[in-house]
Amino acid sequence: MRRDENETPAYQTQVINVERQSEAGTIQAAKLIQNGEIVAFPTETVYGLGANGLSGEAVAKIFAAKGRPADNPLIEHVAKKSDVRRLWMRTPKFAQILMDTFWPGPLTLIAQKSECVPDEVTAGLNTVAVRMPLNKTARALISKAGVPIAAPSANRSGRPSPTTAQHVLDDMDGRIPLILDGGPCKYGVESTVLTLVGAPTILRPGAITREMLEAVIGEVRVANSILHPMKDGEIAASPGMKYKHYAPNAEVVVVNGEPENVARVINALYRQAEAEGVECEIAATEQTRHFYNGMQYTVLGDRNEPGTLCANLFTALREMDKRAERIYAEGIPADQEGLAYMNRLLRAAGFKMIEAE
Ligand code: TXA
Ligand code: MG
């Protein structure tokens, strides 16, 4: 989403490539954070939009720049494991072993918050989400800033999360002073969010899978909202789940089932839409691309490597959105990293899914 024509840019947004200017870039970004400003930075999942996580005033600027609903809490990012102590009231059961196994990395843990976490970060909840990113630039920035950095994904609210600095610029040009460009993100979907308040429950699936977590701590639940729309009156375990998310402007339709059946149904739908003058594109896989000769399609990767599909999803949605009014996307089995893929895809589709038989 571009800024409105009649809005005056608040900032001349600067982009610094940290592969070339790592030290200078992180120092400048850390100073901005210390001065209560907001900065976009790379992580291994998606780009984050960070502010001093101990300052409510600084964090408020994130919500303004993103157009984010005030009731959707942020994740605190730390540079070392011991930094989590000041943010949580106490370390809950399973937290230490999970941190030792998966940090630094794409796992966010939720526990009761301490006094020092501002209400702006948690949207008034008494819990706080924390993660220690794997990305070196992210960790260097947090260390240099000397404070935890509260950061959501650096997209305008409701848009697909940014996995390159260009995506951040497309959404945030003029709204933020600085973007650190660390190249494309490794995982391409946001971190796994696991609450440790009550029975361990995944609120948002990511590259650290349910199977990986269960191998360490035993049974892990998966919130119902991950693959199903919330019912009227249902209270969101994670406020972010309430919102239509990751959505391009194009209409997204998921077609699920055996690959050959999926391809046949997509073929029919595409031809019909084409006849009606609707510009379509297919989010295809290596295994099915040959079914789509003569049609517009993008191959996201191998069906058997859901991690690759995840890594390419948000870029593909942004690119297809420039060409198509409707996107037909193939569903995959919702286990391992396939759960994260189907979660993002279904939300982009507003849960519109056809079963191909
Ligand atoms: O990979 C990531 O997690 C990226 C990078 C930048 O670190 N960050 C990210 O932040 O995806 P965001 O704000 O887009 O998503 C945070 C999610 C939201 O769904 C939010 O509702 C949930 O975490 N969340 C945060 N704090 C929570 C809390 N105390 N209780 C329940 N859900 C919470
Ligand atoms: Mg987000």
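Ligands are counted one by one from 1 in listed order, and the atoms in each one are counted from 1 as well.
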message: Is it the case that ligand 1 has an N or O less than 3.5 angstrom from some N or O of Tyr47?
response: no
message: As an exercise, identify every atom of ligand 1 less than 4.0 angstrom from a heavy atom of Leu74.
response: 25 (C), 26 (N)
- prompt: Who gets closest to atom 29 (N) of ligand 1 by heavy atom: Thr195, Ile149, Thr127?
  reply: Thr127
message: For Asn261 and Arg264, which I'm curious about, is there any donor-acceptor pair between the side chains at under 3.5 Å?
response: yes
Presence of N, O or S from Ser153 under 2.8 Å of the Mg ion (ligand 2): yes
message: Is a donor from one side chain sitting under 3.5 angstrom from an acceptor on the other, for Arg131 and Thr45?
response: yes
- prompt: Against heavy atoms of Leu203, which atoms of ligand 1 measure under 4.0 Å?
  reply: 31 (C), 32 (N)
task: Enumerate the atoms of ligand 1 whose separation from the nearest heavy atom of Thr45 is less than 4.0 angstrom.
output: 1 (O), 2 (C), 4 (C), 5 (C)
query: Are any of the N/O atoms in Thr43 less than 3.5 Å from those in ligand 1?
result: no
- prompt: Given Lys113, Arg68, Lys66, which one has a non-hydrogen atom that is nearest to atom 13 (O) of ligand 1?
  reply: Arg68
field: Salt-bridge contact Arg326-Glu279 (side-chain N to carboxylate O under 4.0 Å)
entry: no
query: Got a sec: does the CD of Glu357 have more than 12 other heavy atoms crowding it under 6.0 Å?
result: no
task: Please identify which atoms of ligand 1 are closer than 4.0 Å to at least one heavy atom of Arg131.
output: 1 (O), 2 (C), 3 (O), 5 (C), 7 (O)
- prompt: Between Thr108 and ligand 1, is there a nitrogen or oxygen pair with a distance under 3.5 Å?
  reply: no
Atom indices of ligand 1 within 4.0 angstrom of Ser191 heavy atoms, with elements: 1 (O), 2 (C), 3 (O)
task: Below 4.0 angstrom from a heavy atom of Leu125, which ligand 1 atoms are there? Numbered from 1 as shown, please.
output: 28 (C), 29 (N), 30 (N)
task: May I ask you to say whether Lys66 pairs ionically with Asp171, meaning some side-chain N is under 4.0 Å from a carboxylate O?
output: no
query: For Arg85, does the CZ atom have more than 12 heavy-atom neighbours from other residues, nucleotides or ligands under 6.0 Å away?
result: no
message: Show me which atoms of ligand 1 lie under 4.0 Å from any heavy atom of His77.
response: 5 (C), 6 (C), 7 (O)
- prompt: Does a donor on one side chain sit under 3.5 Å from an acceptor on the other, for Tyr292 and Glu281?
  reply: no
query: With a 4.0 Å cut-off, would you call Arg344 and Glu190 a salt bridge?
result: yes
task: Say whether Thr122 and ligand 1 are in contact under the criterion: heavy-atom distance to a ligand atom below 4.0 Å.
output: no
statement: Here the atoms of ligand 1 under 4.0 Å from any heavy atom belonging to Ile110 are 27 (C), 28 (C), 30 (N), 31 (C), 32 (N), 33 (C)
field: pair Thr137-Thr26: side-chain heavy atoms closer than 4.5 Å
entry: yes
field: Pair Thr163-Arg318, side-chain donor/acceptor within less than 3.5 Å
entry: no
- request: Pick whichever of Pro69, Ser153, Ala150 has a heavy atom sitting closest to atom 14 (O) of ligand 1.
  value: Ser153
